[in-house]
2 protein chains.
Amino acid sequence: MAFPQRVNMSDVARAAGVSVATVSKVVNGRYGVAQATVERVQQVIHQLGYEASLGAQSLRSHRTNVLGILVAEFEPFSTELLKGASAEVTGTGYQLLAYSSGDAAGTAVGWERRSLARLSGTLIDGAVIVTPTVVETKQGFHVVAVDPHTGPSGLPTVDSDNFAGAVLATNYLLSLGHRRIAHISGRADLESSRLREAGFRQAMADAGVAVDERLVRVGGFRIESAAGTAAEMLALPDRPTAVFAGNDLSAISTMDVARCMGLSVPDDLSVIGFDNVPESALVNPPLTTIMQPIQRMGAEALRLLVDLIAGVERDSHIRLPTELVVRASCRPYSPPSSPL
Amino acid sequence: MAFPQRVNMSDVARAAGVSVATVSKVVNGRYGVAQATVERVQQVIHQLGYEASLGAQSLRSHRTNVLGILVAEFEPFSTELLKGASAEVTGTGYQLLAYSSGDAAGTAVGWERRSLARLSGTLIDGAVIVTPTVVETKQGFHVVAVDPHTGPSGLPTVDSDNFAGAVLATNYLLSLGHRRIAHISGRADLESSRLREAGFRQAMADAGVAVDERLVRVGGFRIESAAGTAAEMLALPDRPTAVFAGNDLSAISTMDVARCMGLSVPDDLSVIGFDNVPESALVNPPLTTIMQPIQRMGAEALRLLVDLIAGVERDSHIRLPTELVVRASCRPYSPPSSPL
DNA sequence: GTGAAAGCGCTAACAC
DNA sequence: GTGTTAGCGCTTTCAC
């Protein structure tokens, strides 16, 4: 069954013996078309398999019933978000368009602005932007930011309680008896990273444990960048007995490095992550981590966007709770057994 | 930093004191523009933050450097694929646009045709369609199907070796001593489902074990639909000791049902799945399953699409191998201990 | 080297 | 009720 060619509105009009304007009215359910005509046109549309071109439609009408999700790349975090948004969108009448700028995260600053400029005003009626660095609001175009890199702006936002989560993680390590605890952070310009580090310091202070500043270092939130940081800290003469990694990828990277250095996780080193991306359960040992309800964040962001477009008055800052997920990468501290 | 309005090409033209035609030439790197003009225009573009509208651009030029990935919804399988495609796309110069029709899988037949009609000819230069039922080729538009529901057509295809994988799964259960093995299939119209059932039957036959037809039933590949099927089979007087579920979701569903019926997995019932979506490792007990290299399938599909567009001659049917992933949901068969 | 003008597929006024 | 027309933002001849 091969359609020879893309069929457009004039094809339909010709076949139905009406003008394109009439076809347009039928397609969009406008009033002022005879019942008989409506039926005839619909029949032809069905026969020819006509579907309005998103590009042309949006160019003209500025309303497409398509919502955009803009990401730098499709990695575990953004795809979890996508699942949540996808589940939430059913029944709203909107369709979802996820757009990846193709830049590896951090590679090109400003991807969010470029993607937004490319799609807004045409194509999509609103957008969810995932972990944007800069956000600028265009007039009459609705945007929701998920886990933005900078602190709260006027923009509608969905994030999780990074500070409380970090406290949770640190307290867990403390409760296992660890005192030499390292923290691998993301980057100073990332709001979530700053909050996690702050939570770490708060929990340490509350427990009366001094933070060794040599054990707090930037890891960049990515596998490769975190590896170097982990290696440095684990090579210290008085290396940490536990690591609170700023996100799961850093934690996984730390476990890799530890293994390469002949250290066993969790026997010689406890590691806890942050995010609970599916991948965290797949590593060996399965990673103990702080769960952000990522899918729910996606769902909430989508719902918020739909409400904003509909003009519903509501709180436009959503913060979801985090939770400790205990797996197998942490263990109570025991002093190193002295050689026999 | 709030941009008041979307800036378009005439804004740039006006600010630079040239015509839109010239701006277009600069944007697209066409020859025949004075060096000085090029620089001036580029400066203005940068200042104003201009970015070409994808909608308008595609409408006119039929070339956008954007590749589409069309899915029914964003669920574990399609998002894994997305990760693979996303990794592969970097460096090709293309950007990725994932489009979800918003129909829950199986809800609306023909989503793939509608989505394709909406985006092709405008917006995207080619498409990867995920698990399409019907596929029709449009002239001059390149499409790659991943795991299509119907058997090999002329269309370029990427799938995994479903038959061999099913044999692997069944042999594993047989090697554990199981003989009453059930199979929950997808649907008869799904090629992957048919092949998995065929592999199951082949392995059973090769082992000289008769298939009890009451233990081979349709489950539909989704959590809800598989639950009923699982419940029926587990309620049989001589219930199976092991289940080979047609995909991970069916397997997870079966484990749920078993738990509800007071059966322990794997003590009372062994369960093996198919796909190895990340979620399969997250359930309790972690699911033993057959891995399809989903991310690699996404990467291969993308690469194939890029090559097709570039006119590269190559084999357009890619079949990737499957592999057994042993986790904790299966155990050697032991006769039920008789009550004391 | 540059700009005017046509037109991609569609929608929205406004005529008829 | 229906068709004519203009124009969304852009690219592309083709004059100048």
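Chain naming here is simple, since letters A, B, ... match the order of the sequence lines and numbering starts at 1 in each. In this text, all values refer to a predicted model and were calculated from it rather than measured experimentally.
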* **Heavy atoms of other groups near B:Glu224 CD, more than 12 under 6.0 Å** => yes

* Just call it for B:Ser58: base, sugar-phosphate, or nothing, with non-hydrogen atoms closer than 4.0 Å on any strand. => nothing

* Asked: Given C:dT2, C:dC8, C:dA12, which nucleotide is nearest the side-chain atoms of B:His62?
  -> C:dC8

* Structure fact -> Among the nucleotides C:dT11, C:dT2, C:dG9, whichever has the atom closest to the side chain of A:Asn28 is C:dT11

* To do: Would you mind classifying the nucleic acid contact of B:Val27 as base, sugar-phosphate or nothing, using non-hydrogen atoms under 4.0 angstrom?
  => nothing

* Structure fact -> Which of C:dG3, C:dG9, C:dT11 is nearest the side chain of B:Thr22? It is C:dG3

* Asked: What are the 5'-most and 3'-most nucleotides of DNA chain D lying under 4.0 Å from any heavy atom of chain B?
  -> D:dG9 to D:dT12

* To do: Assign B:Ala21 to base, sugar-phosphate, or nothing according to its heavy-atom contacts below 4.0 angstrom with the strands shown.
  => base

* Residue from A:Val33, A:Val44, A:Val23 passing side chain to side chain contact (heavy atoms under 4.5 Å, CB included) with A:Val18 -> A:Val23

* Measure the distance from CZ on A:Arg14 to C1' on C:dG9 and round it to the nearest whole Å. => 13 Å

* What bend angle does the helix from C:dG1-D:dC16 to C:dC16-D:dG1 show across its length, from five-pair end axes and to the nearest 10 degrees? -> 40°

* Structure fact -> For B:Gly126 and B:Leu305, the nearest pair of non-hydrogen atoms, with its separation, is C-CD2, 3.8 Å

* Asked: Tell me: CG of B:Leu59 to P of C:dA6, nearest whole Å?
  -> 18 Å

* C:dT11 phosphate, OP1 or OP2, under 4.0 Å from A:Arg30 side-chain N/O -> no

* Round to a whole Å and report the spacing from CE of B:Met9 to P of C:dA5. => 18 Å

* Asked: Among C:dA12, C:dT2, C:dA4, which nucleotide sits nearest the side chain of A:Arg60?
  -> C:dA12

* Structure fact -> In whole angstroms, the gap separating P of C:dG9 from CD of A:Glu51 amounts to 16 Å

* Could you give the CG-to-P distance, from B:Leu123 to C:dC8, as a whole number of Å? -> 17 Å

* Asked: A:Ser24 side chain N/O closer than 4.0 Å to the phosphate oxygens (OP1, OP2) of C:dC10?
  -> no

* Run through B:Leu97, B:Asp125, B:Leu59 and flag the one making a side chain to side chain contact (heavy atoms under 4.5 Å, CB included) with B:Thr64. => B:Asp125

